[in-house]
Amino acid sequence: MKILIVEDEPKTGDYLRQGLREAGFVVELARNGPDGLHMGLEGGCDLLILDVMLPGMDGWRVLESLRRQGQQMPVLFLSARDQVQDRVKGLELGADDYLVKPFSFAELLARVRSMLRRGRSALEASTLQVADLELDLLRRRVTRAGRRIDLTAKEFGLLELLLRRRGEVLPRALIASQVWDMNFDSDTNVIEVAVRRLRAKVDDGFEPRLIQTVRGMGYVLEEPR
Ligand code: CA
């Protein structure tokens, strides 16, 4: 997890960088607005900690510019001011949280961790979909063309794996280890039988057929072109 800190006050910047490194993050530090913007635009940042008052360009403008150019990482604003208007302005510009100086490192770390958790769960969609096939991870439900399909737990796990790695040929050994939690034994045709049953439920009576066998290699789920 990479965190970018934009903070001009040397003590605060160094202190945050060291603390976050010790907490296991990869940390980059920019000491003014333009550098922060530049580093933020390079991408690959999972979270941004942004001071409001910065030389060259204030934190609001940095954030505005990052958002305009498509950077969606969560942003935690740091500010010495505790003005309601500042808070509102930051949130309107797309900041996710706000911390008023002075703050304790423990509080910052707690906010950072919770923002990263929220960010991940928002990114991790609760529905996987290919063509008209839909798998709802939260409700453990599968539908095709709006029709409910009943699957066993293993079939559900197999379909989830195929959907998560759609377009990739998955070898039987990989399926065995991921879904059955077992080492592949070439004598068993457990995977073949399971795929056949899954395919009968998911593909029979529907167009197009989504689960394909790749001879000698494994299985792939994809929408044929
Ligand atoms: Ca400052």
Side-chain angles (χ1 to χ4, degrees), residues 1-129 136-139 160 163-168:
M1 286 272 159
K2 190 161 111 183
I3 297 179
L4 172 61
I5 304 167
V6 190
E7 166 65 83
D8 60 311
E9 211 182 1
K11 257 192 185 163
T12 311
D14 293 342
Y15 165 74
L16 287 180
R17 174 165 61 184
Q18 191 188 340
L20 289 167
R21 278 191 178 151
E22 280 165 12
F25 296 100
V26 176
V27 183
E28 285 189 356
L29 175 60
R31 304 213 185 250
N32 61 56
D35 284 356
L37 174 61
H38 180 75
M39 287 158 84
L41 285 175
E42 282 176 353
C45 223
D46 298 293
L47 186 125
L48 178 63
I49 297 175
L50 190 56
D51 188 25
V52 173
M53 300 308 287
L54 289 166
M57 184 186 223
D58 69 35
W60 291 314
R61 284 182 52 212
V62 171
L63 177 59
E64 211 170 8
S65 194
L66 285 171
R67 291 290 189 247
R68 218 178 29 238
Q69 293 177 71
Q71 293 294 332
Q72 294 302 323
M73 76 284 264
V75 174
L76 172 63
F77 258 124
L78 302 181
S79 176
R81 323 175 186 185
D82 188 16
Q83 300 283 327
V84 176
Q85 302 95 290
D86 283 4
R87 226 176 256 245
V88 170
K89 184 166 178 183
L91 295 172
E92 273 175 353
L93 286 174
D96 301 86
D97 210 342
Y98 202 102
L99 207 50
V100 176
K101 293 176 182 175
F103 49 83
S104 74
F105 183 75
E107 184 179 6
L108 176 118
L109 188 58
R111 300 267 186 112
V112 161
R113 287 195 166 131
S114 109
M115 287 168 79
L116 287 169
R117 265 199 307 275
R118 279 203 305 268
R120 252 203 316 277
S121 54
L123 284 179
E124 232 180 62
S126 64
T127 311
L128 300 170
Q129 186 173 8
D136 186 328
L137 290 162
L138 296 179
R139 287 186 293 176
E160 179 182 342
L163 274 163
R164 280 192 189 281
R165 309 208 21 195
R166 73 196 67 162
E168 251 181 88

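Numbering starts at 1 and runs along the sequence shown. Read the numbers this way: they start at 1 and go in the same order the structure lists the ligands and their atoms. It should be emphasised that the depicted structure is a prediction, and the values quoted were computed from it without experimental measurement.
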Using 3.0 Å as the threshold, say whether any N, O or S atom from [X] sits that close to the Ca ion (ligand 1).
| X | value |
| --- | --- |
| Glu9 | no |
| Met53 | yes |
| Asp51 | yes |

Open item on the list: Between the Ca ion (ligand 1) and Asp8, which N, O or S atom of the residue is the nearest one?
Closed with: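 The Asp8 atom nearest to the Ca ion (ligand 1), restricting to N, O or S, is OD1.
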TODO: Nearest 0.5 Å please: distance from the CG atom of Leu47 over to the CE atom of Met115.
DONE: 5.0 Å
Task: Distance, nearest 0.5 Å, that separates CG of Leu50 from CG of Leu78 - done: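 The CG atom of Leu50 sits 7.5 Å away from the CG atom of Leu78.
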- [ ] Specify whether Phe77 and Tyr98 have parallel, tilted or perpendicular ring planes, treating 30° as the upper limit for parallel and 60° as the lower limit for perpendicular.
- [x]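 Judged by the thresholds at 30° and 60°, the geometry between Phe77 and Tyr98 is tilted.
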- [ ] Give a yes or no on this: more than 12 heavy atoms of other residues, nucleotides or ligands lie within 6.0 Å of atom CZ of Arg61.
- [x] no
